[in-house]
Protein chains: 2
Amino acid sequence: MKENTTEYVILGILRNKSRTGYDINKVVKTRLGPFWDINYSQIYPTLRELEKGGAITKRVEINERGQNRNVYSITNEGKNKLKEWLLKPAKPEKHKIELMLKIGFGEQVSNTELIKQVQAFRERHVAQLENVYRIENELKAQLDQNEANYFMLLSVELGAKFHLSAVDWADTTITKLRSRDK
Amino acid sequence: MKENTTEYVILGILRNKSRTGYDINKVVKTRLGPFWDINYSQIYPTLRELEKGGAITKRVEINERGQNRNVYSITNEGKNKLKEWLLKPAKPEKHKIELMLKIGFGEQVSNTELIKQVQAFRERHVAQLENVYRIENELKAQLDQNEANYFMLLSVELGAKFHLSAVDWADTTITKLRSRDK
DNA sequence: AATGACATGTAAGAGGTTACATGATTGT
DNA sequence: ACAATCATGTAACCTCTTACATGTCATT
């Protein structure tokens with residue numbers, strides 16, 4: 001039993017708006033990226049599979065520049081498929097945090113090097129925090145326009161908490177490492 | 001350029017103690033698991049590769065039960081390899097949080113179902129928090145015995161922050177979803 | 001003339017999961 | 001008798017990343 005989550009990410013993104021593969025990628029990068037990233041080499045083949053299975057339909061449109069684009073729309077079948085998946089228990093969270101390994105084995109290198117690593121980590125998460133706040137503001141501004149935004153906002157708030165605690169940990173840890181130096 | 005992180009996880013675990021593949025797996029599950037999981041089908045082949053490359057050596061021992069076990073030890077070469085890796089910038093963090101997708105697309109299902117999902121998420125993270133606290137206590141109790149424990153403790157504290165904010169988010173979100181019901 | 005956005009894809013390889021396979025010893 | 005722990009592995013499959021490949025249009 002293969003449960004291909006990529007399919008459901010795409011169905012979810014198409015659930016209230018038709019889009020091209022290119023558009024789907026943009027939504028993933030700007031909204032889901034840090035918590036469920038996928039890329040073109042997964043998106044395009046999966047779109048064809050979903051179409052073959054009847055969950056979405058394709059129509060060829062021409063954009064403002066006169067270029068062809070394949071616009072995909074969810075079908076009722078696809079919407080049901082999505083809903084069924086939403087009811088199933090979510091898979092446990094998985095994380096790959098290389099920095100935790102590098103700090104955990106940290107007695108092998110100098111404090112200066114560790115501080116550098118933590119600072120880079122901090123910067124990554126500050127950047128992602130800013131991104132999350134931008135998304136939050138966008139969603140809040142459109143809360144009355146679409147009920148879906150409320151739920152996306154709940155989801156994004158978890159991201160905000162994660163990134164905040166990452167920055168927080170980094171600050172504490174840099175201080176600790178610095179005081180150890182003396 | 002393949003940078004196989006599994007190799008470095010293993011070198012890191014072997015850096016201050018010789019162990020079997022079975023032992024390495026236990027360390028991963030009990031200490032690194034939530035932030036960098038690997039399993040037997042990665043561990044055993046990688047041990048053989050590291051041995052072939054001269055980073056570790058194998059010797060066959062017999063345990064208290066009289067069973068054979070392959071005990072691996074890090075070499076100087078392996079320690080240098082580990083240190084070089086520790087100095088390289090850590091790869092950006094990656095997360096797979098299916099729950100965020102399920103909440104994000106949540107207007108498709110009932111509030112009751114969403115609350116169930118968030119509760120399950122909460123329970124997962126409460127369990128992991130307890131685990132992290134147990135590890136913290138173990139490490140704190142042995143802080144003077146081994147300098148390495150100090151760094152592992154720093155690393156584990158990030159885990160504690162993550163799980164705490166997950167539980168926190170879950171509580172807030174369950175309240176929000178319940179009040180929406182009425 | 002160059003850059004960035006729009007647009008769609010493939011191939012190869014690396015990384016990771018799950019199921020299978022086996023067998024001894026220890027504790028309840 | 002049964003479950004847990006110790007111990008080592010393979011095979012098949014799925015997922016994911018990276019590099020390659022191409023072309024248009026709009027803006028600077």
Side-chain angles (χ1 to χ4, degrees), chain A residues 1-10 13 18-30 32-52 56 58-72 91-98 101, chain B residues 1-10 13 18-30 32-52 56 58-72 91-98 101:
Chain A
M1 186 186 296
K2 38 136 211 207
E3 186 190 273
N4 184 350
T5 309
T6 303
E7 289 192 350
Y8 298 99
V9 174
I10 291 177
I13 291 172
S18 301
R19 301 177 197 260
T20 64
Y22 184 85
D23 289 338
I24 290 169
N25 183 64
K26 263 179 45 181
V27 173
V28 169
K29 299 304 171 201
T30 58
L32 312 178
F35 300 103
W36 201 284
D37 199 17
I38 52 175
N39 48 49
Y40 288 136
S41 64
Q42 292 160 276
I43 292 170
Y44 286 117
T46 305
L47 281 170
R48 287 192 294 270
E49 273 165 45
L50 285 169
E51 195 197 359
K52 207 163 40 172
I56 61 176
K58 177 174 95 172
R59 71 173 185 282
V60 179
E61 281 189 4
I62 292 167
N63 71 2
E64 312 102 41
R65 299 168 164 190
Q67 293 168 309
N68 270 6
R69 39 190 256 139
N70 302 332
V71 179
Y72 292 92
K91 289 192 211 139
E93 291 64 43
K94 268 170 218 162
H95 310 271
K96 291 274 163 185
I97 307 185
E98 221 190 59
L101 301 173
Chain B
M1 183 188 300
K2 37 137 210 208
E3 186 190 273
N4 185 349
T5 308
T6 302
E7 290 192 350
Y8 298 99
V9 175
I10 291 177
I13 291 173
S18 300
R19 301 177 197 262
T20 65
Y22 184 84
D23 289 338
I24 290 170
N25 182 64
K26 262 180 45 181
V27 173
V28 169
K29 300 305 172 202
T30 57
L32 311 178
F35 300 103
W36 202 285
D37 200 18
I38 54 176
N39 48 49
Y40 288 136
S41 65
Q42 292 160 277
I43 292 171
Y44 287 117
T46 305
L47 281 170
R48 287 192 294 270
E49 273 166 44
L50 284 169
E51 195 198 358
K52 209 164 37 172
I56 60 177
K58 177 173 96 172
R59 70 172 185 284
V60 179
E61 282 189 4
I62 291 167
N63 71 3
E64 311 103 42
R65 298 170 166 188
Q67 293 168 309
N68 271 6
R69 38 190 255 137
N70 303 332
V71 180
Y72 292 92
K91 289 193 212 137
E93 292 63 44
K94 268 170 217 161
H95 310 271
K96 291 274 164 186
I97 308 182
E98 220 189 62
L101 300 173

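Note on naming: letters A, B, ... go to the chains in the order of the sequence lines (proteins, then strands), and numbering restarts at 1 for each one.
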Between the protein and nucleotides 24-27 of chain D, list every N/O to N/O distance that falls short of 3.5 Å.
residue: dT24(D); atom: O2; partner: Gln67(A); partner atom: NE2; Å: 2.6

Any residue meeting side chain to side chain donor-acceptor pair (under 3.5 Å) with [X], in chain and number order, not counting sequence neighbours:
{"X": "Ser41(B)", "answer": "Asn39(B)"}
{"X": "Glu51(A)", "answer": "none"}
{"X": "Ser18(A)", "answer": "Ser73(A)"}
{"X": "Thr46(B)", "answer": "none"}

Find the distance [X]:[atom1] to [N]:[atom2] and express it as a whole number of Å.
{"X": "Lys58(A)", "N": "dG9(C)", "atom1": "NZ", "atom2": "P", "result": "6 Å"}
{"X": "Asn25(A)", "N": "dC6(C)", "atom1": "CG", "atom2": "P", "result": "11 Å"}
{"X": "Glu49(B)", "N": "dA14(C)", "atom1": "CD", "atom2": "P", "result": "11 Å"}
{"X": "Arg59(A)", "N": "dT8(C)", "atom1": "CZ", "atom2": "C1'", "result": "17 Å"}
{"X": "Arg19(A)", "N": "dT8(C)", "atom1": "CZ", "atom2": "P", "result": "13 Å"}
{"X": "Leu32(B)", "N": "dG16(C)", "atom1": "CG", "atom2": "C1'", "result": "16 Å"}
{"X": "Ile62(B)", "N": "dT8(D)", "atom1": "CD1", "atom2": "P", "result": "13 Å"}
{"X": "Leu47(A)", "N": "dA7(C)", "atom1": "CG", "atom2": "P", "result": "14 Å"}

Open item on the list: Going by ring pair (Phe, Tyr, Trp, His ring centres under 6.0 Å), name the residues that satisfy it together with Tyr44(A), two or more places apart in sequence or in a different chain.
Closed with: Tyr40(A)
TODO: Please list, chain by chain and in numerical order, all residues satisfying ring pair (Phe, Tyr, Trp, His ring centres under 6.0 Å) with Tyr8(B), sequence neighbours excluded.
DONE: Trp85(B)
TODO: Note the angle between the end axes of the helix from dA1(C)-dT28(D) to dT28(C)-dA1(D), five pairs defining each, rounded to 10 degrees.
DONE: 40°
Counterpart residues, salt bridge (Lys or Arg N to Asp or Glu O under 4.0 Å), relative to [X] (two or more places apart):
{"X": "Lys29(B)", "answer": "Asp37(B)"}
{"X": "Lys91(A)", "answer": "Glu98(B)"}
{"X": "Glu49(A)", "answer": "none"}

Open item on the list: Please report the interatomic distance CD1(Ile43(B)) to OG1(Thr20(B)), rounded to the nearest 0.5 Å.
Closed with: 9.5 Å
Is the phosphate of [N], meaning OP1 or OP2, less than 4.0 Å from a side-chain N or O of [X]?
{"X": "Tyr40(B)", "N": "dG9(D)", "value": "no"}
{"X": "Tyr22(A)", "N": "dC6(C)", "value": "yes"}
{"X": "Tyr44(A)", "N": "dT8(C)", "value": "yes"}
{"X": "Asn70(B)", "N": "dG9(D)", "value": "yes"}

I'd like a table of atom pairs between the protein and nucleotides 13-17 of chain D - only N or O on both sides, under 3.5 Å - with the distance next to each one.
residue: dC16(D); atom: OP1; partner: Lys96(B); partner atom: NZ; Å: 3.2
residue: dC16(D); atom: OP2; partner: Gln42(A); partner atom: NE2; Å: 3.0
residue: dT17(D); atom: O4; partner: Ser41(A); partner atom: OG; Å: 3.3

- [ ] For Arg48(A), report the nucleic acid contact type (base, sugar-phosphate, nothing); a contact means any heavy atom under 4.0 Å.
- [x] sugar-phosphate
TODO: Any chance you could lay out the side chain to side chain contact (heavy atoms under 4.5 Å, CB included) test for Ile13(A) and Leu32(A), step after step, and finish with the verdict?
DONE: CA-CA 10 Å; Ile13(A) 291 172; Leu32(A) 312 178; 4.0 Å; yes
TODO: Take Arg19(B) and Val71(B) through the test side chain to side chain contact (heavy atoms under 4.5 Å, CB included) and record every step on the way to the result.
DONE: CA-CA 5 Å; Arg19(B) 301 177 197 262; Val71(B) 180; 5.9 Å; no
